J.: 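Could you have a look at this structure, given as structure tokens, before my questions?
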Amino acid sequence: LIEGINRNRSINRLCIGTDLGGVSFRNLTPFFRNNNDRLAQLDLRFEVGLECAQSIAFALDTSQCESLEEISIEDCNLSDEGLTVIATALRTYRQLEDLHLKNNNIGL
């Protein structure tokens, strides 16, 4: 699955509803690089623990996806620490317009 996604160069919205397994998200880095002028929306709908948040941050930070305008990480059990890691990776994403984080474990 990940290999097929990485080859695709026309996806403008990626919705992942299943846990790829922590470090496995790093394997999507080529996808983000290949689609850095197309991907506008990233929607994650699975449990995002710290290891997974670090993996997501790595993929976003190293790919610098220039077209990404919206990220949704809702109902993912994301913690303060996980959010901090992802937010750090997004520090250069000036084009990002929407960041949806409702129903997580942030600030609890």
Side-chain angles (χ1 to χ4, degrees):
L1 175 68
I2 291 175
E3 186 177 318
I5 291 172
N6 282 338
R7 288 187 193 151
N8 192 300
R9 296 180 187 268
S10 63
I11 294 175
N12 63 11
R13 180 173 188 250
L14 180 62
C15 180
I16 301 175
T18 187
D19 186 358
L20 299 175
V23 177
S24 295
F25 206 93
R26 288 178 191 236
N27 295 333
L28 284 174
T29 301
F31 165 78
F32 290 107
R33 282 191 195 125
N34 292 339
N35 288 281
N36 84 0
D37 63 342
R38 292 194 182 269
L39 184 68
Q41 297 175 322
L42 178 61
D43 188 356
L44 306 178
R45 299 177 185 212
F46 58 89
E47 177 118 358
V48 177
L50 181 56
E51 182 181 28
C52 186
Q54 291 168 334
S55 184
I56 293 166
F58 175 84
L60 291 172
D61 192 39
T62 58
S63 64
Q64 292 301 308
C65 192
E66 298 169 357
S67 58
L68 191 57
E69 296 176 349
E70 180 179 330
I71 298 175
S72 179
I73 307 173
E74 298 180 348
D75 301 309
C76 293
N77 202 26
L78 183 66
S79 67
D80 289 332
E81 195 173 11
L83 174 60
T84 299
V85 170
I86 293 172
T88 300
L90 295 175
R91 69 190 177 281
T92 60
Y93 278 72
R94 292 192 171 110
Q95 78 285 359
L96 191 65
E97 295 176 5
D98 297 305
L99 180 60
H100 304 277
L101 299 168
K102 72 179 179 183
N103 297 327
N104 283 292
N105 289 325
I106 300 167
L108 299 179

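Because the structure is predicted, anything quoted here is derived from the model rather than measured. Computed over heavy atoms, backbone and side chain alike; hydrogens, waters and symmetry mates excluded.
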J.: Taking CD in Glu81 as the centre, count heavy atoms belonging to other residues, nucleotides or ligands within less than 6.0 Å. Is the count above 12?
T.: no

J.: What distance separates Ile106 CD1 from Lys102 NZ, expressed to the nearest 0.5 Å?
T.: 13.0 Å

J.: Taking only residues at least two apart or on different chains, which pairs with a member in residues 52-74 satisfy salt bridge (charged side-chain N to carboxylate O under 4.0 Å, His left out)?
T.: Asp61-Arg91

J.: Would you find a donor on one side and an acceptor on the other, under 3.5 Å apart, between the side chain of Thr88 and the backbone of Thr84?
T.: yes

J.: Would you say Leu68 and Phe32 make side-chain contact, with heavy atoms under 4.5 Å?
T.: no

J.: Can you tell me how far CZ of Phe25 sits from CG of Leu44, rounded to the nearest 0.5 angstrom?
T.: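 Output value for this atom pair is 5.0 Å.
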
J.: Quick check: closest heavy atoms across Asn8 and Asn35, and the distance to 0.1 Å?
T.: O-ND2, 2.8 Å

J.: When rounded to the nearest 0.5 angstrom, what is the spacing between CD1 in Ile11 and CG in Asn34?
T.: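 CG of Asn34 is found 10.5 Å from CD1 of Ile11.
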
J.: Do you know which two heavy atoms are closest between Ala89 and Ala57, and how far apart they sit?
T.: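 Nearest heavy atoms, Ala89 then Ala57: CB-O, 3.4 Å.
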
J.: Using the rule that Ile, Leu, Val, Met, Phe, Trp and Tyr join whenever any side-chain heavy atoms are under 4.5 Å apart, tell me whether Leu96 and Val85 fall into a single cluster.
T.: no

J.: Test of understanding: with side chain to side chain contact (heavy atoms under 4.5 Å, CB included), list the residues that count as partners of Phe58, not counting sequence neighbours.
T.: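 Side chain to side chain contact (heavy atoms under 4.5 Å, CB included) list for Phe58, sorted by chain: Arg26, Thr29, Thr62.
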
J.: Would Cys65 and Tyr93 count as a side chain to side chain contact (heavy atoms under 4.5 Å, CB included) if you check the C-alpha gap in whole Å, the side-chain angles of each, and the deciding distance to 0.1 Å?
T.: CA-CA 8 Å; Cys65 192; Tyr93 278 72; 3.8 Å; yes

J.: Do Leu28 and Leu50 share a hydrophobic cluster, counting only Ile, Leu, Val, Met, Phe, Trp and Tyr and linking them when any side-chain heavy atoms are less than 4.5 Å apart?
T.: no

J.: Quick one: are Leu83 and Asn104 in side-chain contact, heavy atoms under 4.5 Å?
T.: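 Side-chain contact under 4.5 Å: no.
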
J.: Once you round to the nearest 0.5 Å, how far does CD1 of Ile71 lie from CD1 of Ile56?
T.: 9.0 Å

J.: Just how far is it from atom CG of Leu101 to atom CG of Asp75, taken to the nearest 0.5 Å?
T.: 11.0 Å

J.: Where the side chain of Gln41 meets the backbone of Asn12, is there a donor-acceptor pair that is under 3.5 Å apart?
T.: no

J.: Can you name the closest pair of heavy atoms from Leu14 and Phe31 and give their distance?
T.: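 Scanning both residues completely, I find the closest heavy atoms to be CD2-CE2, 3.6 Å.
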
J.: What's the separation between atom CD1 in Ile73 and atom CG in Leu42, rounded to the nearest 0.5 Å?
T.: 7.0 Å

J.: Could you list all the salt bridge (charged side-chain N to carboxylate O under 4.0 Å, His left out) pairs where at least one residue sits in residues 37-46, not counting sequence neighbours?
T.: Arg13-Asp43, Asp43-Arg45

